[in-house]
**Student:** 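Handing you a structure now.
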Protein chains: 2
Amino acid sequence: MNNKVSIKDIARIANVSIATVSNVINGKGRVSPNTVSKVNKIIQELQFVPSASARSLKDMKSHLIAIVVPFLEKGMLQDNPFYWELVRGVEGGARHHEVQVILLGIDENEDFSFVKQRHLDGLIVVGVFEHTAAFQKLLSLNIPCVFLDSHLSNPDFHQIDLDDEAGGYLGTKHLIGLGHKVIGVLTGKLEEGGVNYFRHQGYLRALRESGIPEDPELTFEEAPSIQGGYHVAQRIGSYKSKISAMFAFSDVSAIGLIRGLHDIGLSVPADLSVVGFDDIFYSQYMIPSLTTIRQDIVAKGQIAVTMLLDQINGTGLSTDKRSVKIPVSLAVRQSSASFKEI
Amino acid sequence: MNNKVSIKDIARIANVSIATVSNVINGKGRVSPNTVSKVNKIIQELQFVPSASARSLKDMKSHLIAIVVPFLEKGMLQDNPFYWELVRGVEGGARHHEVQVILLGIDENEDFSFVKQRHLDGLIVVGVFEHTAAFQKLLSLNIPCVFLDSHLSNPDFHQIDLDDEAGGYLGTKHLIGLGHKVIGVLTGKLEEGGVNYFRHQGYLRALRESGIPEDPELTFEEAPSIQGGYHVAQRIGSYKSKISAMFAFSDVSAIGLIRGLHDIGLSVPADLSVVGFDDIFYSQYMIPSLTTIRQDIVAKGQIAVTMLLDQINGTGLSTDKRSVKIPVSLAVRQSSASFKEI
DNA sequence: TGTAGTTGATGTAACGTTTAACCAATAAAC
DNA sequence: GTTTATTGGTTAAACGTTACATCAACTACA
């Protein structure tokens, strides 16, 4: 009843050509003020909305972007609120710029055919590292991308990264400052060039700086999930006498860790200090509230959209700001406390 | 370099007409096995992918669905992991059926023009109630919708609802069973016909059943956010002597509540019992772990996709299963305990 | 008075598909 | 040996836009 009205109908009713209608819609070409308002009125009345498919067929642009996030488990997006905050930022940013966002999970051998298929204007890619097959395929697509948390070495890529090394350093330094000497890290997978790698580098730097020798046994490469954290807690039980603090490279794993410790009778921060990473929204509401490395995730999503759109539209002084490094800060809360000899 | 290959190129190289190529792609029409394989080979080689815009221009289908969720704050999706779990379910379901998902936040006066514009095949709508302007506009779009948590009275609509009344009843009954008699509820907005309304009805039924008189002062209509919960805790402080248990109609508000109580020196469950609603992933890991009304949010998202696609494709025995009511269950954990006279 | 420029508008090709209508050749039926 | 089906394929129109080329009518200018 209402979805069949096209530019042709408008033209017929307004007694002008479709070209004129098109011009009115796009504010291009030359058309008299009278005609403009006449056409616009009819457009209003008929609730005409130009067809996106027809448009993209013409100009090969879709005004669609996608946020691409790798699966961790098979076929399911990661159950980490971090992504939701990111997505919220992206959605908000996109909404300002009148583009829409497709949400896409990918696994290692994604072929990205949907990109061509839908003529996607650009991609916001989260956590895809340089040496992966997925990354190579992404490059061969030859479309605007903004890489988040990917730490690409090539400065030509548009990317937004946290200062992960600084984050790792900051958290560790904080614990050292509290008197802790045996500090474990729950890193997640330590791929060279990945976020966890850099955080770990920061951790090592802080240790060196304070003359604390590195103990490889203190690095737990468990999955950065809530369950991962929980499991590590069990293993820490046996190190009880040694480890007095843990630095988890994500808030969710810190949460799992704290709960796991609780379940084996260790309480935070009395028995063990814990520092997280990300500052997801309820870190400050949990009990104990979580000391963590703070980043503004929502803002990150918003910036990503802006960068992507600059790139797509060729606007923006993109030459300078290809690579954005977001600073981190330390949010000191209740989960970390001074070292006390037991 | 690689994105300009069209059906025409395939046709030229294979020495057949574009119609034949189209037939091969869609498995329609009559075409000899030889030709099929010849064409397919070339498609492979050239990495041809049919253009979605051209397709939808023809058949007015986009193979795109949207998940529509109302803003709470202005212009930003709600910071509640509940939505992320839902979105994860939807993405997973959609992926199985080769459709893609657009994520859309709306405010009260959304005009939904993007639906026509993009020829969206269908919508998964979360928490839009019957009497709202948005709902009316949605109806006038005349496209397949599945409504989640909307409790529409008209049985013709495709909808998935929780048995919210039962949830409200279950949680309250649990607290009563523990000996609590003065039980507050943190409801969120109590619009008639909304989820909170039904949960509240369940609460009232449980009270009646146990001969406990309703006290309107015990119903806190604060925002169902983590901050909302936190604020209510302050107000409860003054009721301290009265209230011995709180039932929050979302896990996030329960989290805020517990934290708020903690900050005014009340601990859960020693001083007050708290029950939540939703069972988001974090609830079982927090300290104390949260007694809550459990629903499988991810599954809800998956079911929604299936229902929507049945409706779109006209497949499915949709006549029977227009309206799905999902059962709830009680997950008893640590945040609720027996009533003790102080 | 002719030339040039401007304004407002039109006609039409093109984008990449799908599909209905048509057709030639071969096989089957009587 | 003519009709009738079936097989394998082609042609061309249509979907809703945009953009280029064209044009008629004025206005300005020398």
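Numbered from 1 within each chain, the chains take letters A, B, ... in sequence-line order.
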**Student:** In whole angstrom, give the distance that lies between atom CG of B:Asp9 and atom P of C:dT17.
**Tutor:**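 Taking CG of B:Asp9 and P of C:dT17, I get 9 Å after rounding.
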
**Student:** With a 6.0 Å cut-off on ring centres, are B:Phe129 and B:Phe147 close enough?
**Tutor:**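 Ring centroids of B:Phe129 and B:Phe147 are no less than 6.0 Å from each other.
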
**Student:** Considering every strand and a 4.0 Å limit on heavy-atom distances, what is the contact class for B:Ser51: base, sugar-phosphate, or nothing?
**Tutor:**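 Result for B:Ser51 = sugar-phosphate.
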
**Student:** Specify the separation, in whole Å, of atom CZ of A:Arg118 and atom C1' of C:dG16.
**Tutor:**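 Spelled out: CZ on A:Arg118 to C1' on C:dG16 is 15 Å.
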
**Student:** To the nearest angstrom, how far is A:Arg12 atom CZ from D:dG16 atom C1'?
**Tutor:**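 So the two atoms are 14 Å apart, to the nearest Å.
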
**Student:** Quick one: do A:Lys4 and A:Asp9 make a salt bridge, cutoff under 4.0 Å?
**Tutor:**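 A:Asp9 and A:Lys4: not salt-bridged.
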
**Student:** Does anything in residues 79-88 of chain A form a side chain to side chain donor-acceptor pair (under 3.5 Å)? List the pairs, not counting sequence neighbours.
**Tutor:**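 Matches after skipping sequence neighbours: A:Gln78-A:Tyr83, A:Asp79-B:Arg88, A:Arg88-B:Asp79.
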
**Student:** Give, ordered by number, those residues of residues 23-42 of chain B having at least one heavy-atom distance below 4.0 Å to an atom of DNA chain C; if nothing qualifies, reply none.
**Tutor:**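 B:Asn26, B:Lys28 - these, ordered by number, are the residues of the stretch whose heavy atoms sit under 4.0 Å from the strand.
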
**Student:** Within a 6.0 Å radius of atom CD on B:Gln44, are there more than 12 heavy atoms belonging to other residues, nucleotides or ligands?
**Tutor:**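 Counting neighbours around CD of B:Gln44, 12 or fewer heavy atoms of other residues, nucleotides or ligands fall under 6.0 Å, so no.
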
**Student:** With a 6.0 Å cut-off on the ring centroids, do B:Phe157 and B:Phe135 count as close?
**Tutor:**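 That pair passes the under 6.0 Å test.
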
**Student:** Using the side chain to side chain donor-acceptor pair (under 3.5 Å) rule, collect all pairs that involve residues 103-112 of chain A, keeping only residues at least two apart or in two chains.
**Tutor:**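 Applying side chain to side chain donor-acceptor pair (under 3.5 Å) to every pair that reaches into residues 103-112 of chain A, excluding sequence neighbours, yields A:Asp111-A:Ser113.
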
**Student:** For D:dG9, does OP1 or OP2 lie under 4.0 Å from any side-chain N or O of B:Ser17?
**Tutor:**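 The answer is no; no side-chain N or O of B:Ser17 sits under 4.0 Å from OP1 or OP2.
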
**Student:** Give each protein N/O atom lying under 3.5 Å from an N/O atom of nucleotides 12-15 of chain C, with the pair distance.
**Tutor:**
residue	atom	partner	partner atom	Å
C:dA14	N3	A:Lys58	NZ	3.2

**Student:** Below the 4.0 Å mark, does D:dG16 have OP1 or OP2 next to a side-chain nitrogen or oxygen of A:Arg55?
**Tutor:**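 No, outside the criterion.
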
**Student:** Only one of B:Ile312, B:Ile102, B:Leu123 forms a side-chain contact (heavy atoms from CB on, under 4.5 Å) with B:Ile65, so which one is it?
**Tutor:**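 It is B:Ile312; the other options fail the test.
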
**Student:** Give the rounded distance in Å between these two atoms: NZ of B:Lys61 and P of C:dT18.
**Tutor:**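 Result: 14 Å.
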
**Student:** If I take atom CD1 in residue A:Ile43 and atom P in nucleotide D:dG16, what distance separates them, rounded to the nearest angstrom?
**Tutor:**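 Rounded to whole Å, this separation is 15 Å.
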
**Student:** Would you find a donor on one side and an acceptor on the other, under 3.5 Å apart, between the side chain of A:Ser150 and the backbone of A:Leu152?
**Tutor:**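 No, the answer is negative, given that no donor and acceptor are paired below the 3.5 Å cut-off.
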
**Student:** Name each donor-acceptor pair under 3.5 Å that joins a side chain in residues 18-26 of chain B to protein atoms two or more places apart or in another chain, with its distance.
**Tutor:**
residue	atom	partner	partner atom	Å
B:Thr20	OG1	B:Ser17	OG	3.2
B:Ser22	OG	B:Asn26	ND2	3.4
B:Asn23	ND2	B:Ala19	O	3.4
B:Asn26	OD1	B:Arg55	NH2	3.4
B:Asn26	ND2	B:Ser22	O	2.8

**Student:** Of all the nucleotides listed (D:dT18, C:dG16, D:dG16), which has the minimum atom distance to the side chain of B:Ser6?
**Tutor:**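 Selected nucleotide (nearest to the side chain): C:dG16.
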
**Student:** Are side-chain heavy atoms of B:Leu104 and A:Gln100 found at a separation under 4.5 Å?
**Tutor:**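 Result yes, sub-4.5 Å side-chain heavy-atom pair found.
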
**Student:** What distance do A:Leu120 atom CG and A:Leu141 atom CG have between them, rounded to the nearest 0.5 Å?
**Tutor:**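 Between atom CG of A:Leu120 and atom CG of A:Leu141 there are 9.5 Å.
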
**Student:** For the helix from C:dT1-D:dA30 to C:dC30-D:dG1, what angle lies between the axis at the first five pairs and the axis at the last five pairs, to 10 degrees?
**Tutor:**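 One end axis against the other gives 50°.
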
**Student:** Considering every strand and a 4.0 Å limit on heavy-atom distances, what is the contact class for A:Thr20: base, sugar-phosphate, or nothing?
**Tutor:**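 Base, at least one base atom sits under 4.0 Å.
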
